[in-house]
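None of the values given here were measured: they were computed from a predicted structure.
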Amino acid sequence: EGLALAALDVCGAPAQTAQLVKPGMNVVVIGGGGKSGLLCLYQAKKIIGNTGRVLAFEYSPSACERLRKLSFVDDVIEGNAQNAIETSNKIKASLGGTGADLVINVANVAGTEMASILSTKNKGTVYFFSMATSFTAAALGAEGVAADITLMIGNGYTEGHAALTLDVLRESAELRTILQALYET
């Protein structure tokens, strides 16, 4: 029950990820160590396979250590997403000097909007799935740095979101084991 409730609490994020990700993309999940981040990372890699890269950006050293062991994460970058320039530089270095096609921000702290924007390539997309997001900061920040990107607000509902998330838990023992350890009581 604990695992199902925890996953269903954020099930809009992996379902929206399934709609946004296309083969060949490079995808970054800022806040990748939490439940929504883990689910988004898995869903992105499931679609991308070996045609693109899936990166996790995470603040917590212990979460980074967990992420490095996962088969569905191509690179783990440890850092503070409140430092936009440092975050962007680290992400772009991991992607060979370019920004990501899609940045999914599930960070649970305020002030990470610009890190997401600066880490996204021209014509790319940022999907904000965090109640810590200031949509004013995101919109004005993107305009201020002349970022020609799409900004999306996650509303928590995507058609079929619950079924997709429960299916992910059924198909990935690796993901299920981590989430059980974190969220089952």
Side-chain angles (χ1 to χ4, degrees), residues 1-23 25-82 87 90-91 94 100 102-110 112 115-116 126-133 152-185:
E1 270 183 15
L3 173 61
L5 288 174
L8 291 173
D9 179 46
V10 296
C11 64
Q16 190 66 49
T17 298
Q19 292 183 0
L20 293 171
V21 173
K22 306 289 183 253
M25 284 183 148
N26 290 320
V27 177
V28 174
V29 178
I30 294 178
K35 61 186 172 182
S36 56
L38 289 163
L39 288 162
C40 290
L41 288 162
Y42 177 83
Q43 186 61 45
K45 189 63 174 177
K46 180 178 172 180
I47 295 167
I48 292 170
N50 293 324
T51 66
R53 298 192 65 222
V54 176
L55 283 62
F57 189 92
E58 176 59 44
Y59 178 77
S60 163
S62 61
C64 286
E65 192 58 37
R66 258 193 321 274
L67 286 162
R68 286 186 183 98
K69 297 174 185 173
L70 298 175
S71 65
F72 52 88
V73 179
D74 295 312
D75 194 10
V76 177
I77 305 165
E78 186 175 334
N80 182 347
Q82 292 172 315
T87 298
K90 286 180 175 183
I91 288 170
S94 179
L102 172 64
V103 173
I104 301 167
N105 184 326
V106 294
N108 62 1
V109 295
T112 63
S116 300
V126 179
Y127 174 56
F128 292 104
F129 190 83
S130 169
M131 292 302 107
T133 302
M152 292 186 61
I153 300 168
N155 71 1
Y157 178 79
T158 300
E159 189 173 328
H161 66 319
L164 181 141
T165 299
L166 293 175
D167 285 345
V168 163
L169 293 176
R170 289 181 190 107
E171 67 191 37
S172 176
E174 182 181 29
L175 178 60
R176 188 173 57 252
T177 299
I178 290 172
L179 291 174
Q180 282 173 324
L182 294 171
Y183 298 103
E184 276 193 348
T185 55

Colleague: When you compare the side chain of V103 with that of F57, does any pair of heavy atoms fall below 4.5 Å?
Modeller: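 No; the side chains remain at least 4.5 Å from each other.
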
Colleague: Ignoring hydrogens and angles, tell me if any N or O in the side chain of T87 forms a donor-acceptor pair with the backbone of N80 under 3.5 Å.
Modeller: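 Yes, the answer is positive, given that a donor and an acceptor are paired below the 3.5 Å cut-off.
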
Colleague: Say whether E174 and Y42, considering side chains only, have a donor N or O and an acceptor N or O under 3.5 Å apart.
Modeller: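 No, because no side-chain N or O of E174 sits under 3.5 Å from a partner of the opposite role on Y42.
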
Colleague: Can you measure from CG (L39) to OG1 (T17) and round to the nearest 0.5 angstrom?
Modeller: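 Result: 9.0 Å between the selected atoms.
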
Colleague: If you look at every heavy atom in A13 and Y127, which pair is closest and at what distance?
Modeller: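 In this case the closest contact between A13 and Y127 is CA-OH, 4.1 Å.
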
Colleague: One pair to check against side chain to side chain contact (heavy atoms under 4.5 Å, CB included): V106 and I30. What are the steps and the verdict?
Modeller: CA-CA 6 Å; V106 294; I30 294 178; over 6 Å; no

Colleague: Any side-chain heavy atom of R66 within less than 4.5 Å of one from L182?
Modeller: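 Answer yes - side chains close enough.
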
Colleague: Donor-acceptor check, side chain of R176 to backbone of R170, threshold 3.5 angstrom: yes or no?
Modeller: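 Checking the backbone N and O of R170 against the side chain of R176, a donor-acceptor pair under 3.5 Å is found.
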
Colleague: To check you understand the geometry: which heavy-atom pair defines the closest contact between A132 and A107, and what is its length?
Modeller: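 Closest approach of A132 to A107, heavy atoms only: CB-O, 4.2 Å.
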
Colleague: With a 4.5 Å heavy-atom cut-off, do S94 and L55 have their side chains touching?
Modeller: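 A side-chain contact exists here, since the closest heavy-atom pair is under 4.5 Å.
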
Colleague: Is there a side chain to side chain contact (heavy atoms under 4.5 Å, CB included) between L166 and L8? Walk through the geometry before answering.
Modeller: CA-CA 8 Å; L166 293 175; L8 291 173; 4.1 Å; yes

Colleague: Do I77 and D75 come close enough that some side-chain heavy atom pair is under 4.5 Å?
Modeller: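 Yes. Closest side-chain heavy atoms under 4.5 Å.
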
Colleague: Check whether T51 reaches the backbone of I48 with its side chain - one donor and one acceptor, N or O, closer than 3.5 Å.
Modeller: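 Yes, because the side chain of T51 sits within donor-acceptor range (under 3.5 Å) of the backbone of I48.
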
Colleague: Determine whether a donor-acceptor pair (N or O, by modelled atom type, separation under 3.5 Å) exists between the side chain of E78 and the backbone of S60.
Modeller: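 No; judged by distance alone, with no hydrogens or angles, the pair does not exist.
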
Colleague: Please check if atom CG in N155 has more than 12 non-hydrogen atoms from other residues, nucleotides or ligands closer than 6.0 Å.
Modeller: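 It does: N155 CG has more than 12 such atoms within range.
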
Colleague: For residues G37 and V29, report the shortest heavy-atom separation together with the two atoms involved.
Modeller: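 That would be CA-CG1, 3.8 Å.
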
Colleague: Specify the closest pair of heavy atoms between A63 and G33, including all atoms of both residues, with the distance to one decimal.
Modeller: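 Answer, listing the atom of A63 first, then G33: CB-CA, 4.2 Å.
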
Colleague: With a 4.5 Å heavy-atom cut-off, do E58 and L67 have their side chains touching?
Modeller: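 In short, these two side chains touch, coming nearer than 4.5 Å.
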
Colleague: For L175, does its backbone N or O pair with a side-chain atom of S172 as donor and acceptor, under 3.5 Å?
Modeller: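 Present.
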
Colleague: Between K35 and D9, is there a side-chain heavy-atom distance shorter than 4.5 Å?
Modeller: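 Yes, their side chains come closer than 4.5 Å.
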
Colleague: Looking at side-chain heavy atoms only, is the closest gap between V168 and Q43 below 4.5 Å?
Modeller: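 With C-beta onward as the side chain, the pair touches.
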
Colleague: Run the numbers on K45 and D74 for salt bridge (charged side-chain N to carboxylate O under 4.0 Å, His left out), then give the verdict.
Modeller: CA-CA 9 Å; K45 189 63 174 177; D74 295 312; 2.9 Å; yes

Colleague: Might you point out which heavy atoms bring F129 and G12 nearest each other, and give the distance in Å?
Modeller: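 Scanning both residues, the minimum pair turns out to be CE1-C, 4.1 Å.
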
Colleague: Is any side-chain heavy atom of H161 closer than 4.5 Å to one of Q16?
Modeller: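 Q16 does not reach H161 side chain to side chain.
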
Colleague: Would you mind telling me which of V54, L70, V28 makes a side-chain contact (heavy atoms from CB on, under 4.5 Å) with L41?
Modeller: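 Of the listed options, the one satisfying the test is V54.
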
Colleague: Measure from NZ or CZ of K46 to the centre of the six-membered ring of F72, then state whether that distance is under 6.0 Å and the direction lies within 45° of the axis.
Modeller: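 Because its charged atom misses either the 6.0 Å distance or the 45° angle limit, K46 does not stack over F72.
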
Colleague: Are side-chain N/O atoms of N105 and S130 paired as donor and acceptor at under 3.5 Å?
Modeller: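 No pair is found: no donor N or O on one side chain lies under 3.5 Å from an acceptor on the other.
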
